[in-house]
Amino acid sequence: MKKSFFLFISILFFLLTITITKGQTEITVDSQCAVLLERQSGRVLYEKNGHEQRPIASISKIMTAIIAIENEYLDEYVTISKEATKQIGSSLYLKEGEKIKLRDLIYGLMLRSGNDAAYAIAEHVSGNIDDFVYLMNEKAKELGLHNTVFENPSGLDEVNKNISTAYDFAVITGYAMDNPLFRVINNTSRHRAETLSGKIYLWTNKHKLINRYDHIIGGKTGFTKLAKRTLVTVGKKNNLELVVVTLNGGNDWNDHLNLLNYGFKEYEYLTLLDNGIFEVKELERIFYLDDKIAYPIKDEELNDYRFMIDVDDQTKKYYLHLVYKDEIVLTKEIWEYDKTHSVLKNSYTIEDFWMGIKEFVRELLW
């Protein structure tokens, strides 16, 4: 059985509401499916048919890249097979028998969307295409995605095809962006690669927003006749990191810029509670939070947020929830803090916290 206690109410945000003033932004998206996701929290800031399944073309290669980075030695040389050179569509124009580092192939995969690179990576990492595709699908399951099915590492859909949603691929992209190497590759404009025999390849990024517009730090293009245009873009401004995914978008470059601008204008990634110790009077307990609680919030939403503690009588564990209206949007486990070792002047009660805000507001308005 769980017992729940509300901690502090929306009045806590009074200071924020008088210091943050933003106008609401109207937004129109032409793409058939679109999602704007805040990466750190996973909050969806905008959605249009976000869970509609469609073929996704070459944005599939984001999953191919992160699987390769996580599962293989990146400085090993990959021998290009005859079958890899036969892949149709966008290509690095690799030659049969060439040996090139896996790391460089991932750059070619992401920057030039090389279908030959996708095939060669899958063969090298797993020994065959089917086993690599199995890893892709297992990763999707691990991320809790039920509307994504991979059948190949490239996104080609003449024989078989990859199906997903704008939401699922925003989650996949957010996961990949947790990897430092993926972040570097995904934000690269040009890359020089050299084969074992000394042949030089120079690749430029097909994603035309990267390093041409402020705050854009990554992305991936895609197109097939069946999927139409698909696009992923990642932007970061201050503490807000946003992922945009559109499927079947005839005006997708503008859609992505508009969505990013909307997200950066309307939302702030606010720290609502710092890590450390705090007292809850209702429970007569002092708790320790090992990580801050932060969330992307609109100005007009501030009064609708609450904190709540759940006490599980069986496990004796405590959980701190951030609640928006009646929905739990974020949960952190908290631990009891030994009162005999606490220094109360370094913690605060809810009452103390609110009194401090009132004093600050009084000073500000005076």
Side-chain angles (χ1 to χ4, degrees), residues 34-42 45 56-72 74-75 90 92 100-114 117-118 121 139 143 153-155 166 169-194 200-223 229-246 249 252-264 267 269 296:
V35 160
L36 173 66
L37 182 83
E38 198 286 312
R39 189 183 72 83
Q40 296 180 84
S41 66
L45 309 184
I56 53 175
S58 284
I59 65 172
S60 304
K61 295 183 174 95
I62 293 173
M63 181 65 94
T64 301
I66 194 61
I67 294 294
I69 290 170
E70 291 181 344
N71 285 275
E72 196 53 64
L74 299 176
D75 291 321
S90 57
L92 303 183
I100 187 169
K101 286 184 178 180
L102 177 60
R103 183 188 306 272
D104 290 324
L105 279 181
I106 298 172
Y107 273 96
L109 177 82
M110 291 297 295
L111 272 62
R112 297 304 301 168
S113 201
I121 288 168
K139 180 63 70 176
L143 296 175
S154 64
F169 242 83
V171 173
I172 290 168
T173 303
Y175 171 81
M177 289 294 288
D178 280 334
N179 184 282
L181 178 58
F182 182 90
R183 289 182 77 90
V184 170
I185 294 173
N186 203 26
N187 193 29
T188 298
S189 297
R190 292 170 58 86
H191 182 73
R192 179 184 183 275
E194 184 175 352
I200 303 298
Y201 286 97
L202 292 173
W203 299 315
T204 57
N205 202 320
K206 284 186 173 184
H207 196 297
K208 67 181 184 181
L209 302 182
I210 293 175
N211 293 324
R212 298 183 188 179
Y213 288 85
D214 290 342
H215 314 304
I216 292 178
I217 61 171
K220 181 73 189 73
T221 60
F223 174 80
R229 292 179 60 87
T230 63
L231 187 64
V232 173
T233 305
V234 183
K236 185 172 185 180
K237 185 177 182 181
N238 300 324
N239 293 324
L240 201 63
E241 188 163 313
L242 306 179
V243 180
V244 183
V245 180
T246 54
D252 48 10
W253 298 115
N254 285 333
D255 282 348
H256 282 232
L257 289 174
N258 289 338
L259 283 166
L260 288 171
N261 288 334
Y262 162 78
F264 290 139
Y267 289 85
Y269 193 70

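Atom set for the values below is all heavy atoms of this structure, side chains included, hydrogens, waters and symmetry mates excluded.
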Check your understanding: Considering residues at least two apart in sequence or located in another chain, which fulfil the side chain to side chain contact (heavy atoms under 4.5 Å, CB included) criterion with D214?
Key ->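 By the side chain to side chain contact (heavy atoms under 4.5 Å, CB included) rule, D214 matches no residue at all.
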
Exercise for review: Could I get the full list of side chain to side chain contact (heavy atoms under 4.5 Å, CB included) partners for A57, not counting sequence neighbours?
Suggested key: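 Partners of A57 by the side chain to side chain contact (heavy atoms under 4.5 Å, CB included) criterion, ordered by chain and then number, come out as T224, A227, T230.
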
Any side-chain heavy-atom pair of [X] and [Y] under 4.5 Å:
X    : Y    : answer
L260 : L209 : no
K61  : P153 : no
L102 : I121 : yes
H191 : N205 : no
W253 : T246 : no

Practice item. Applying ring-ring contact (aromatic ring centres under 6.0 Å, His included), name anything that partners Y201, two or more places apart in sequence or on another chain. Key: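 So Y201 forms a ring-ring contact (aromatic ring centres under 6.0 Å, His included) with W203.
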
Throw together a table of side-chain donor-acceptor distances under 3.5 angstrom for residues 234-244, partners on residues two or more places apart or in other chains.
| residue | atom | partner | partner atom | Å |
| --- | --- | --- | --- | --- |
| E241 | OE1 | R183 | NH2 | 3.0 |
| E241 | OE2 | R39 | NE | 2.6 |
| E241 | OE2 | R183 | NH1 | 3.0 |

Review point. In chain order, what residues pass the salt bridge (charged side-chain N to carboxylate O under 4.0 Å, His left out) check against D255, with sequence neighbours excluded?
Key: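 None.
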
Check your understanding: Do any pairs count as a salt bridge (Lys or Arg N to Asp or Glu O under 4.0 Å) and have a residue in residues 100-112, sequence neighbours left out, and if so which ones?
Key ->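 Sorted result for residues 100-112: D75-R103.
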
Point to revise | side-chain contact (heavy atoms from CB on, under 4.5 Å) partner of I172, chosen from I62, I56, I59 | key: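 Running side-chain contact (heavy atoms from CB on, under 4.5 Å) over I62, I56, I59 with I172 returns exactly one hit, I62.
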
Practice item. Would you please classify the geometry between the Y262 ring and the Y267 ring as parallel, tilted or perpendicular, with 30° and 60° separating the classes? Key: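 Ring orientation, 0 to 90° scale: perpendicular.
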
